[in-house]
Amino acid sequence: MIIEQGQIFNLMDTNGRRKDVLNALKVYLEILEELKEKYPTESWSRYPQSLSQFLFYGRAIEKSSDVFTKHPKYDEFIASLGDDYQTFLDRDSEWIDGHLPEIARDLDEAIEKRARHYTSNLVKLGLTDSKRIISEAGYSFLKGSVRRDPIEDILPLDDVNILLFRQLSKLRVFSAPHDGKRSFYSPFIMSLVLLIGDEPIDEHTFEVIVQGLDPYCCGEVKEAVQNNSISLAELEKVCSDIKSELPAELVGAEDINYNVFKNIFKSSKSSERTSRLYYGFYKALKKFRSDRTEANYSELISLLDADTSNMLNKAFGYGRSIFKAGNRGSRFSLEKFTELNKDHPLISDGDFIGAFYNAYNTSKRVDGIREYSDTTVRLLSATGLFKFKSLPELSFKDILAEVFDSDELRGYIFGEMTEDEFEEYEGSEQCYFGRNTSLAEIFNFDSEKVQSIITRIQEVLHVSGADDVKRLLSDQKSAAFIEHITSKYPKERVAELLALVSERENNRSADKNIKEAVNDAATVPTIYEYLVGIAWYYISNREFDLYGSLNLTMNADFEPIFHAGGGEGDIIINYSDIVIMLEVTLMNKQAQKRGEWEPVLRHSLNLKALNEPKETITFFIADELDYNTINIWRAVAAVSLESTDTHKKVDGVVIMPFTNEELLKFLNQNLYYKNIVSAVKASFAKIPQIADVKWHEEIMEEILGGVTEKLRGKTIKGVTYDKTK
């Protein structure tokens with residue numbers, strides 16, 4: 001990723017930025033893969049050279065209809081094509097000559113440009129190249145599968161966590177070329193360094209430093225970071241401060257007219273109301289500086305107590321309280337306020353207008369940093385390593401401290417490359433950034449160092465082998481997950497949220513409330529899967545490993561991000577005597593026929609084939625059930641079927657459908673899972689098995705035998721059929 005001097009890097013473009021970051025990346029990769037299969041010769045270009053960008057945008061709003069709810073320009077464009085839609089797709093030259101000039105702007109600005117913005121996020125993470133060709137890493141992310149090195153293998157992270165860990169470790173923010181070289185900055189390595197040590201750091205400082213540093217930092221700052229000779233407060237100040245000249249209209253001014261003020265103190269989202277608020281603060285502060293009376297202090301405090309105070313903090317306080325003034329409702333006295341803020345530039349600086357402008361300009365930069373850091377924090381969290389529930393901290397910090405030497409890590413934060421090295425690293429097709437490289441390869445750990453790291457981890461954990469390390473860390477994570485579930489999702493809370501799922505059709509705010517209650521980085525179907533797993537955990541009297549049963553990628557705070565995929569069922573529970581699979585969907589009745597029949601049956605077949613002679617049952621859970629789906633699931637129990645994995649024949653596949661309402665009744669009435677299983681088994685045991693597995697051959701023999709009988713003794717095209725055969 002290349003940025004210009006003064007630019008704040010971002011890992012997801014503002015145009016199309018989404019909270020469900022990983023889901024967005026997966027959806028976009030799926031669309032690119034679909035387009036490549038259907039239109040293999042199309043390049044990533046604008047119309048009429050290619051249809052790819054136009055088609056991508058249409059598929060994106062279709063697949064993410066809950067995110068892209070409004071797209072009037074696209075709708076108007078499609079409507080304007082009318083009967084010419086297919087002619088447009090066919091790129092008829094005469095049609096293009098007559099119509100392209102009038103549609104070109106809307107096509108590029110409202111449709112294709114958005115497609116470029118959305119997919120640029122894939123490029124930034126090395127999941128595609130600049131031509132939107134999916135990379136090795138991109139396919140690993142899409143399929144949810146990686147081949148792990150020995151260090152990765154012991155970490156209790158799923159494959160998506162590991163893939164993101166790798167890609168973010170390789171991520172470099174590059175400068176423009178200078179003297180044949182490019183400087184670079186690694187935000188992920190900086191994040192690791194900040195948290196792998198023992199010095200606590202608040203989220204604001206963490207975000208400002210990680211997002212605020214860049215490859216253009218001066219040599220002294222880079223050296224200080226690498227030598228660990230700069231404090232967090234000093235580093236935060238370096239990242240926040242920007243050097244800017246005072247506008248000519250303010251030079252030498254003793255006061256500012258409102259008409260001048262509103263043209264300087266503004267942002268892209270400024271309104272007349274915002275400008276008036278800022279100007280009111282300016283006047284109140286100027287008056288207080290001139291005459292520090294109780295009345296003037298009261299006027300200033302009233303602005304800090306108003307509902308709009310957050311806007312002032314954002315504009316002049318770097319996102320924090322502008323002054324040390326106590327809390328709303330218990331403000332400091334005038335004397336205490338004056339004493340605590342005596343060195344504050346807005347109070348003490350002799351050049352008030354200069355200080356006011358500098359506070360605004362610097363706060364605007366910090367605000368930009370905080371805005372862009374939202375996606376960075378979400379991606380860090382999605383590695384399963386970075387927690388942000390309270391203070392930022394690392395999961396498995398003691399283990400990571402053995403994997404990474406802090407001083408060595410600092411050497412990866414800043415650096416430079418020649419243009420040829422940059423091209424090989426990121427700029428070309430098949431570049432290093434897009435390859436499937438393990439952590440050991442990324443950090444240049446040879447086999448001897450890998451073994452040394454694993455040995456030290458064994459000593460820290462007091463175990464004797466890598467398998468024991470893996471098992472212990474997994475058990476620790478599972479136990480921590482249960483603590484989280486018990487605290488945040490008691491049975492009553494799960495019941496409330498499941499009920500909210502059933503209200504979605506008639507309650508517009510249901511989705512928003514569900515996401516706010518769990519994780520706004522996940523889709524509602526993913527959250528539903530998570531909640532169903534927890535509900536079944538309570539129905540089972542906590543008798544299984546919940547963490548190990550969920551096929552979900554979770555962040556370090558144990559909240560779901562998205563379904564991990566990999567060709568398995570949603571939730572697979574191994575009890576001592578039975579394996580139960582929960583297949584969970586929010587598809588409506590019509591969509592269930594298209595989207596669920598094949599995968600649910602395939603997963604159930606393969607599960608049974610894999611676990612025989614152990615008994616298996618699949619419970620299909622949906623908010624509503626299609627009549628045919630219910631009976632199809634009943635019917636498959638009567639026939640012999642074949643596993644798609646091993647082609648092994650299996651009989652008696654049990655798939656029992658339940659509605660969300662029925663699941664809620666199980667939960668609220670404290671039903672035990674064995675009673676549910678017993679009732680289902682008893683019912684399915686009554687289904688007579690179709691023992692005649694050769695019925696198809698018999699029919700074909702009857703059909704073909706009858707035809708042969710009629711042909712005997714006849715000559716057709718020179719061939720005489722034997723009368724006796």
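For the single chain, residues carry numbers from 1 onward in sequence order.
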Backbone N/O of [Y] and side chain of [X]: donor-acceptor pair under 3.5 Å:
X	Y	result
E402	I457	no
S169	F165	yes
T383	L380	yes
R182	S175	yes
Q167	F433	yes
S373	T376	no
D149	A440	yes
N313	F316	no
S363	A359	yes
R410	V225	yes

Atom [atom1] of [X] with >12 non-hydrogen neighbours under 6.0 angstrom:
X	atom1	answer
K491	NZ	yes
E516	CD	yes
K222	NZ	yes
R328	CZ	yes
E424	CD	no
Q430	CD	no
E136	CD	yes
K515	NZ	yes

Between [X] and [Y], what is the ring plane arrangement, given parallel below 30°, perpendicular above 60°, and tilted in between?
X	Y	result
F443	Y412	perpendicular
F481	F558	tilted
Y425	Y432	tilted
F188	F386	perpendicular

Any side-chain heavy atom of [X] within less than 4.5 Å of one from [Y]?
X	Y	answer
N121	L25	yes
I527	L497	no
N361	K364	yes
L22	L164	yes
V160	F562	yes

Any salt bridge linking [X] with [Y]? Criterion: basic side-chain nitrogen under 4.0 Å from a carboxylate oxygen.
X	Y	result
K449	D446	no
R378	D374	yes
R370	E207	yes
D198	K397	yes
K170	E441	no

side-chain contact (heavy atoms from CB on, under 4.5 Å) between F388 and N555, intermediate numbers included:
CA-CA 10 Å; F388 294 97; N555 64 25; over 6 Å; no
Atom [atom1] in [X], atom [atom2] in [Y]: separation rounded to 0.5 Å?
X	Y	atom1	atom2	value
T526	N519	OG1	CG	10.0 Å
H484	I482	NE2	CD1	10.5 Å
R493	L498	CZ	CG	11.0 Å
E30	I134	CD	CD1	9.5 Å
I8	R365	CD1	CZ	5.0 Å
I209	E236	CD1	CD	6.0 Å

Before we go on, tell me: are the rings of [X] and [Y] under 6.0 Å apart, centre to centre?
X	Y	answer
Y216	Y185	no
Y489	Y538	no
F184	F422	no

Compare every heavy atom of [Y] with every heavy atom of [X], then report the nearest pair and how far apart it is.
X	Y	value
P200	L232	O-CD1, 3.9 Å
P560	V518	CD-CG1, 3.8 Å
I454	P150	CD1-CB, 3.7 Å
H344	I322	NE2-O, 2.9 Å
S395	L400	O-CD1, 3.5 Å
K324	N341	O-ND2, 2.8 Å

Walk me through it: do Y528 and V584 pass the test side-chain contact (heavy atoms from CB on, under 4.5 Å)?
CA-CA 8 Å; Y528 182 52; V584 184; 3.3 Å; yes
So, [X] versus [Y]: side-chain donor-acceptor pair below 3.5 Å or not?
X	Y	answer
T205	D202	yes
R166	S140	no
S231	E234	yes
N10	K124	yes
N23	T523	no

Member of Y575, Y537, F544 meeting the ring-ring contact (aromatic ring centres under 6.0 Å, His included) criterion with Y673:
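The residue from Y575, Y537, F544 that satisfies ring-ring contact (aromatic ring centres under 6.0 Å, His included) with Y673 turns out to be Y575.
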Run the side-chain contact (heavy atoms from CB on, under 4.5 Å) check on K387 and L394 step by step: do they pass?
CA-CA 6 Å; K387 299 179 181 180; L394 282 174; over 6 Å; no
Given side chain to side chain donor-acceptor pair (under 3.5 Å), test T128 with Y28 step by step and report yes or no.
CA-CA 10 Å; T128 71; Y28 297 160; over 6 Å; no
Between E559 and K389, does the salt bridge (charged side-chain N to carboxylate O under 4.0 Å, His left out) criterion hold? Intermediate values first, please.
CA-CA 11 Å; E559 300 296 359; K389 192 177 291 183; 5.7 Å; no
List the steps and the verdict of side-chain contact (heavy atoms from CB on, under 4.5 Å) for L122 and L32.
CA-CA 11 Å; L122 301 172; L32 289 177; 3.6 Å; yes
